[in-house]
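What follows is one structure encoded as structure tokens, with my remarks underneath.
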Protein chains: 2
Amino acid sequence: MPDTRPLRADAARNRGLLLAAAADEFAEHGLDASVTDIARRAGVGKGTVFRHFPTKDDLIAAILIDRMEALSDLGERLCEAADAGEALREFLTAAAMQRQERDLSFLAEASASLNEVGRARDRMLAAVDALADRAREHGMLRDDVTGADVFLLMCAPNYVAGYVPDASPDLWRRYLQLILDGLRPEGARPLPATAPRLN
Amino acid sequence: MPDTRPLRADAARNRGLLLAAAADEFAEHGLDASVTDIARRAGVGKGTVFRHFPTKDDLIAAILIDRMEALSDLGERLCEAADAGEALREFLTAAAMQRQERDLSFLAEASASLNEVGRARDRMLAAVDALADRAREHGMLRDDVTGADVFLLMCAPNYVAGYVPDASPDLWRRYLQLILDGLRPEGARPLPATAPRLN
DNA sequence: CACTAACCGGACCGGCCGGTCAACTTGGTA
DNA sequence: TACCAAGTTGACCGGCCGGTCCGGTTAGTG
């Protein structure tokens with residue numbers, strides 16, 4: 001970070017408008033919402049988009065990073081919570097609420113190669129790992145489930161609910177609950193295949 | 001169906017090649033694999049694709065219908081099986097294996113409007129409903145889960161596993177097992193939101 | 001107020017993609 | 001074998017999309 005002088009007032013405002021507009025547009029039309037539409041929604045010229053984010057992928061990455069950073073903060077805070085099981089549920093709920101859109105993949109194929117995304121993801125993965133470990137120690141999480149499993153399953157409730165045309169906006173909660181029940185040690189049967197490594 | 005005279009020999013063969021090539025290409029590159037690539041992979045000119053399938057959506061629909069029909073057959077057969085719980089697992093396993101690619105959505109937004117797709121989906125949904133009912137009666141499925149829930153969750157294991165870069169090809173089995181455990185009555189907590197309607 | 005570096009906007013470019021079409025080839029039949 | 005409808009092909013078209021660029025605007029400073 002050699003030269004980090006502050007943005008001009010209008011530029012900073014536009015950057016914010018763009019991030020918000022892009023998030024909305026991606027939520028509605030998936031990752032292939034057009035840059036032109038995003039610019040229009042933000043009330044800004046298309047050139048401005050590319051001034052702030054050299055590439056569409058960079059724009060996506062910026063949104064991803066924002067969200068993952070926020071989730072990391074929350075996760076680290078929740079590690080202090082008394083009830084480890086409830087902490088995990090709260091974290092997954094927040095994760096699902098943050099992204100009601102389908103398909104804004106956390107691993108973001110293309111942009112996963114950008115280092116910043118990777119770093120943000122690793123931090124979040126660490127937070128999830130810690131939450132999972134604590135929950136497991138308190139007997140709220142089955143022994144054979146890893147943090148990586150939880151990380152991957154984070155996206156599932158929204159994905160599943162996303163395919164119902166006129167779904168209740170709370171439908172994802174239903175599938176989150178189902179998944180949480182599957183993660184508990186009670187009726188656990190042994191899992192096939194080994195847990196994936198994510199870094 | 002006014003005029004259904006049989007295809008010429010070469011045309012029939014090409015149609016088969018195309019369906020196979022398209023399935024492969026979609027598996028590798030998602031739904032936006034290009035028609036040109038599909039044609040090349042099938043060893044056929046692009047025009048031939050559009051002779052058989054007036055629209056790319058029709059091609060997708062044809063694949064979808066094939067698969068759903070096959071799953072419906074299997075599902076209806078499995079309704080006779082002795083072990084209702086095992087029948088459900090077998091069905092979901094077959095469903096997951098049939099589509100290792102991510103993102104070939106069963107409800108296929110665009111083409112969902114085509115009547116044939118809707119009909120095939122309804123038939124499959126009926127089969128899943130029957131399987132779920134039997135499993136529930138045998139105490140292998142929690143009371144508050146509907147066939148529609150199971151239908152939607154069918155896609156989840158592949159989706160989740162699809163985000164792991166160099167995953168074992170069996171990774172989806174892991175998440176299928178987790179979901180199945182969540183579907184069992186043992187540790188069930190009440191589900192929020194009402195089950196979705198799909199037709 | 002005057003000056004300038006930062007910023008903005010939108011016409012423009014090349015490339016790709018779904019879809020068309022007219023010239024050509026070929027499977028089936030009498 | 002001779003014929004033609006069915007089938008095939010790839011050049012071509014219009015439209016869209018990510019990304020560029022330069023003339024005009026504006027925020028901040030002294």
Side-chain angles (χ1 to χ4, degrees), chain A residues 1-23 25-26 28-64 103-104 108-111 113-114, chain B residues 1-23 25-26 28-64 103-104 108-111 113-114:
Chain A
M1 340 272 100
D3 167 37
T4 320
R5 81 176 114 195
L7 286 175
R8 229 169 69 174
D10 54 345
R13 199 193 28 146
N14 279 342
R15 203 188 127 95
L17 288 175
L18 271 172
L19 282 172
E25 204 72 16
F26 287 141
E28 280 176 28
H29 304 106
L31 246 5
D32 30 59
S34 84
V35 175
T36 312
D37 287 347
I38 292 171
R40 177 167 33 234
R41 186 160 190 149
V44 138
K46 191 170 33 151
T48 304
V49 181
F50 288 101
R51 158 164 284 266
H52 286 282
F53 309 97
T55 277
K56 186 184 177 180
D57 278 350
D58 288 301
L59 172 55
I60 296 172
I63 296 177
L64 240 42
D103 208 12
L104 223 184
E109 304 100 41
S111 37
S113 47
L114 289 124
Chain B
M1 344 270 102
D3 167 35
T4 321
R5 78 176 115 196
L7 286 175
R8 230 167 68 174
D10 55 344
R13 200 194 28 152
N14 279 343
R15 202 189 128 97
L17 289 175
L18 272 172
L19 282 172
E25 205 71 20
F26 287 141
E28 280 177 28
H29 303 107
L31 245 6
D32 33 57
S34 82
V35 175
T36 313
D37 287 347
I38 292 171
R40 178 168 32 234
R41 185 162 192 148
V44 139
K46 192 173 31 155
T48 305
V49 180
F50 288 101
R51 158 162 283 265
H52 287 283
F53 309 97
T55 276
K56 187 184 177 181
D57 277 350
D58 289 302
L59 172 55
I60 296 172
I63 296 177
L64 240 42
D103 208 12
L104 223 183
E109 306 99 41
S111 37
S113 47
L114 290 125

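Here is the naming used below: chain letters follow the sequence lines, and residue numbers restart at 1 for every chain.
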N/O-N/O pairs, protein side and nucleotides 22-24 of chain D side, under 3.5 Å:
none

Please enumerate all protein N or O atoms sitting under 3.5 Å from an N or O of nucleotides 13-20 of chain D, with distances to 0.1 Å.
residue: D/dG18; atom: OP1; partner: A/Lys56; partner atom: NZ; Å: 2.8
residue: D/dG18; atom: OP2; partner: A/Val35; partner atom: N; Å: 2.9
residue: D/dG19; atom: OP2; partner: A/Lys56; partner atom: N; Å: 2.7
residue: D/dG19; atom: N7; partner: A/Lys46; partner atom: NZ; Å: 3.3
residue: D/dG19; atom: O6; partner: A/Lys46; partner atom: NZ; Å: 2.1

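Listed nucleotides: D/dA6, C/dA6, D/dT9. Nearest to the side chain of B/Arg8: D/dA6. Distances were taken from every side-chain heavy atom of B/Leu7 (C-beta onward) to each of D/dG7, D/dT8, D/dG28; the shortest belongs to D/dG7.
For the pair B/Ile38 CD1 and D/dT8 P, the computed distance is 16 Å after rounding to whole Å. Taking atom CZ of A/Arg51 as the reference point, atom C1' of C/dG10 lies 15 Å away to the nearest angstrom.
Between A/Leu59 atom CG and A/Leu64 atom CG the span is 10.5 Å, to the nearest 0.5 Å. Interatomic distance, OG1 of B/Thr55 versus CZ of B/Phe50, reported as 7.5 Å (0.5 Å rounding). The CG atom of A/Leu18 sits 12.5 Å away from atom CZ of A/Arg51, with the distance rounded to the nearest 0.5 Å.
With hydrogens and angles ignored, the 3.5 Å screen pairs a side-chain donor or acceptor of A/Ser34 with a backbone N or O of A/Asp37.
Dashed line: the shortest gap from a side-chain N or O of A/His52 to OP1 or OP2 of C/dC7 is not under 4.0 Å. Proximity of B/Asn14 to the phosphate of D/dG7: no side-chain N or O atom is located under 4.0 Å from OP1 or OP2.
Closest non-hydrogen pair, A/Ala21 versus A/Ile38, comes out as CB-O, 3.8 Å.
Between A/Val49 and the options A/Val35, A/Asn14, A/Thr36, a side-chain contact (heavy atoms from CB on, under 4.5 Å) holds for only A/Val35.
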